[in-house]
Structure formats: C-alpha cells, structure tokens
Amino acid sequence: NWKGKKEGDSLIFFNQADGRKIRWSREGYRKSETPELVDVKITDFCDYGCAFCYQDSTEKGKDAPLSRIKEILTELVENNVFEVAMGGGEPTKHKHFAEIMRFGADLGIVMNFTTYGLDWLKNKEIMDAILYANKKQGVGIGVSVHKAADLKKASRIIHEFSYAKRPFYGRRPQVTAQTVMGILRNDSLLKMVDESFDQKVPLLLLGYKTTGRGDAFEMKWGKEEHAEAALSYAKYKIDEYFEKWGCQPAWRLSCDTA
C-alpha cells in the first residue's frame, strides 16, 4: 500500500490505503518541490444550491472537457503527485465521471472526490468505476454534511461499499464526512461531532471561504474559540472511550489547514 518518491535528500512515502504521508530527510524538514495532493475542479455544474457555495456553482455550470482533465492528470503523475481530490460543482454529475476515475487509476494516482448527493450510488457505471479505481490505487470519498442528520449519507455510502455487500474487492473506499466551519452554530457543531463519533464516521472541519455565494451568506459564527471547543469536545469523547475500553476508537476529527 506504500508508494514513494525522492526529492534531493528527502524521501516521501504515501500510504494509499489510509492517506498517511511520511517525509524523511537527514537535513531536517524542507518544503516539497512538487505537491503530494492536488485539487482538480472538473465541473461547475451543481443542482443542490448550497447558500454558502464558494464556487457559486449552479445548474448552468459547465463540465470541464474530458481531454483537458486527462491532460492535467497525466501531467500531475509525471510530477509525482500521489493523489487527486476531484471537486466541482458536484463532480459525480460530470458526464464522464466514471471514465475519469478509471483513467486516473490506470495512471497510478489515487482518485478522491467530494460529493453532496447520493444518486450516484444507483449508477452502475459510476459504482463499477469507483470499485475499479479503489482496487487499483485506493479511493477517498468526502461527503459534504450541513447538519448532524446529514451524517446518515456518509453511513449509507459506507454501507454500500461494505465488505458484506462487496466481498471481492478487498478494502472499501475511505469515507469522510466534511462540514464547513461557520455554517452551524456552536451547539449544532458539537451535536455533529457527537453524531459522527457514535456512527464512527470520520469528520473533517473545512475553512470557510468568502468567495462566490459565501460572500453573501450570513455566517452563524466565525471565532477561533468555536473550533477549539469542537476539538476539545472530540478529545473528551476519545478520552472517555479509552478509559472505558482501553483502546482508541475507530474515529477521528481533523481540520483543514485554513
């Protein structure tokens, strides 16, 4: 599951199964010459209309040309990029989404994507492409959640890719729920942390962006102490679990660097 590359005297290792990266150098840490993960927007089409969308994506949004996406993925691989995070708009609505997944996997790159909807779970072409890419390189799925109840979407995706339902494909894709800091009040955010912990769905906190519709959206809050409260509450939940069971829970809370 490990891939690696060398930059000067530095060695960088990447675990395709869980996304871990290790950087080693005799001379101490130096910034990478090339990125290890790159975000690629493949479409501006989205029919969900989130009020805080920093891309301002709508039903009038267009798909990026398939040929251009393939050029970008090829160039990234040539520059030793380990993984891609495909976004939009709603990337699963790109008319060539399944082909993009297969193409990237064949190049040797981990193909991750972010989604809000679940209708692609009923699309056999897309599901087969995700399973194909996951078997070859690994796949990460970021599920956008706007309230605690939305975590059921992530649980549904995990269930659809469970070993019981897909016994011949080995590990299932890595599924992470992600929410934007500032769209929820503090009590609602802590409820989301609680629910994600109980459902064993990893949760990623994203930084708020004031572009697109995000510029006009009235943020519920935006203070640093609210993020600290979420992290402190997560630590409390983990410590409580460890004290009861003597091991770490199968859950994590992580933060976007913003």
Check step by step if salt bridge (Lys or Arg N to Asp or Glu O under 4.0 Å) holds for R68 and E71.
CA-CA 5 Å; R68 180 65 182 131; E71 287 175 3; 3.2 Å; yes

Any side-chain heavy atom of W120 within less than 4.5 Å of one from I130?
yes

Cationic N near anionic O, under 4.0 Å, D56 to R213:
yes

Output yes when R156 and E160 qualify as a salt bridge under the 4.0 Å nitrogen-oxygen rule, no when they do not.
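Looking at E160 together with R156, the answer is yes, because their closest N to O distance falls below 4.0 Å.
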
Non-hydrogen atoms of A177 and L151 that approach each other most closely
CB-CD2, 3.5 Å

So does G88 get a backbone contact from the side chain of T43, meaning a donor-acceptor N/O pair under 3.5 Å?
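No, because the side chain of T43 does not come within donor-acceptor range (under 3.5 Å) of the backbone of G88.
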
Inter- and intrachain pairs under ring-ring contact (aromatic ring centres under 6.0 Å, His included), touching residues 40-67, at least two apart:
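Output for this query lists Y48-Y116, F52-H146, F52-F217.
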
Could you work out, with side chain to side chain contact (heavy atoms under 4.5 Å, CB included) as the rule, every residue matching Q248, not counting sequence neighbours?
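Here the qualifying residues are I238, F242.
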
Using the side chain to side chain contact (heavy atoms under 4.5 Å, CB included) criterion, which residues pair with E7? Sequence neighbours excluded.
K5, I12, R23, S32, E33, T34

Does the pair D194 and K237 meet the rule for a salt bridge (Lys or Arg N to Asp or Glu O under 4.0 Å), with working shown?
CA-CA 8 Å; D194 225 10; K237 297 285 290 184; 2.8 Å; yes

Parallel, tilted or perpendicular: which one describes the rings of Y233 and Y236, with boundaries at 30° and 60°?
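Taking Y236 first and then Y233, their aromatic rings lie parallel (interplane angle under 30°).
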
When hydrophobic residues are tied together by side-chain contacts of less than 4.5 Å, even through go-betweens, does I141 share a cluster with L203?
yes

